[in-house]
Amino acid sequence: LVQLVESGGGSVQAGGSLNLTCTISGRAASTFCMGWFRQAPGKEREGVAGFYHDNNLATYYADSIKGRFTISQDTAKNTLYLQMNRLKPEDTAMYYCAAGACGEPPFIATKPGGSFRGQGTQVTVSS
């Protein structure tokens with residue numbers, strides 16, 4: 001129903017930036033809200049950022065990244081972005097794009113995996 005493909009991960013030094021991209025396809029994609037979550041080895045999924053209303057104006061950010069990361073979506077290009085600035089070693093994880101139900105509470109905060117998710121892109125931040 002929904003296919004998601006992430007790209008843009010890599011290795012950077014602390015303080016650096018990366019811009020993740022998620023390409024969205026599928027006939028049902030427009031009925032979902034989009035977000036990003038991450039998972040580090042041995043840790044649970046953590047919702048990072050996401051939209052929770054279909055107008056894409058209401059956004060959720062985890063406290064751990066607030067002020068450093070920005071989520072955006074270009075609906076014309078069917079693309080979701082996560083601009084990550086001032087990266088820290090603790091941001092190291094696999095980052096996933098997810099599609100979930102719109103509404104409150106934000107799905108990315110309560111059920112980060114959503115209904116659909118991509119294969120992920122690795123982000124490694126060295127000190």
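What's counted below: heavy atoms across the whole structure, side chains too, no hydrogens, waters or symmetry copies. None of the values given here were measured: they were computed from a predicted structure. Position 1 is the first residue of the sequence, and the numbers go up from there.
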Do I108 and Y52 have side-chain heavy atoms sitting under 4.5 Å apart?
->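 The answer is no, as the side chains (C-beta and beyond) never meet within the 4.5 Å cut-off.
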State, with a plain yes or no, whether a side-chain heavy atom of L18 is found less than 4.5 Å away from one of V123.
->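 Yes. Closest side-chain heavy atoms under 4.5 Å.
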Within the distance-only criterion (no hydrogens, no angle test), does the side chain of R86 pair as donor or acceptor with the backbone N or O of G67 below 3.5 angstrom?
->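 Yes, the answer is positive, given that a donor and an acceptor are paired below the 3.5 Å cut-off.
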Among the clusters formed by ILVMFWY side chains lying less than 4.5 Å apart, do I71 and F107 turn up in the same one?
->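 Not linked; separate clusters.
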Measure the spacing between [atom1] of [X] and [atom2] of [Y] and express it to the nearest 0.5 Å.
X   : Y    : atom1 : atom2 : result
W36 : M84  : CH2   : CE    : 8.0 Å
Q13 : S127 : CD    : OG    : 9.0 Å
S17 : R68  : OG    : CZ    : 10.5 Å

Shortest non-hydrogen contact from [X] toward [Y]:
X    : Y    : answer
T110 : P105 : CG2-CG, 3.8 Å
G8   : T121 : N-OG1, 4.1 Å
G120 : M94  : C-SD, 3.8 Å
L82  : A49  : CD1-CB, 4.2 Å
A93  : A40  : CB-N, 3.9 Å
A62  : G47  : CB-O, 3.3 Å

Going by side-chain heavy atoms closer than 4.5 Å, which hydrophobic residues are tied to L57, directly or by a chain of links?
->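 Besides L57, the hydrophobic cluster comprises nothing; the residue is isolated.
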Is there any ring-ring contact (aromatic ring centres under 6.0 Å, His included) pair reaching into residues 4-30, and which pairs are they, with sequence neighbours excluded?
->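 For residues 4-30: none.
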With sequence neighbours left out, which residue pairs that include part of residues 65-84 fulfil the ring-ring contact (aromatic ring centres under 6.0 Å, His included) condition?
->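 Output for this query is empty, none listed.
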Could I get the full list of side-chain contact (heavy atoms from CB on, under 4.5 Å) partners for [X], not counting sequence neighbours?
X    : result
T124 : S11, T92, Q122
K111 : none
A99  : V2, L4, F32, M34, F116

Stepwise side-chain contact (heavy atoms from CB on, under 4.5 Å) check, Q73 with F51 | CA-CA 9 Å; Q73 184 168 357; F51 297 105; 3.8 Å; yes
With F37 via ring-ring contact (aromatic ring centres under 6.0 Å, His included) - residues at least two apart =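 Partners of F37 by the ring-ring contact (aromatic ring centres under 6.0 Å, His included) criterion, ordered by chain and then number, come out as Y96.
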Residues forming a side chain to side chain donor-acceptor pair (under 3.5 Å) with N55, sequence neighbours excluded |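 Result, side chain to side chain donor-acceptor pair (under 3.5 Å) vs N55: none returned.
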Q83: what forms a side chain to side chain donor-acceptor pair (under 3.5 Å) with it, not counting sequence neighbours?
->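 Here the qualifying residues are N85.
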Among residues two or more places apart or on two chains, list those pairs meeting disulfide (SG to SG under 2.5 Å) that have a residue in residues 25-70.
->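 Output for this query lists C33-C102.
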Atom pairs and distances, donor-acceptor, side-chain atoms in residues 19-28, under 3.5 Å, two or more places apart:
unit_1	atom_1	unit_2	atom_2	d
S25	OG	Q3	OE1	3.4

Please list all pairs passing the salt bridge (charged side-chain N to carboxylate O under 4.0 Å, His left out) test where one or both residues lie in residues 29-47, with sequence neighbours left out.
->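 Found R38-E46, R38-D91.
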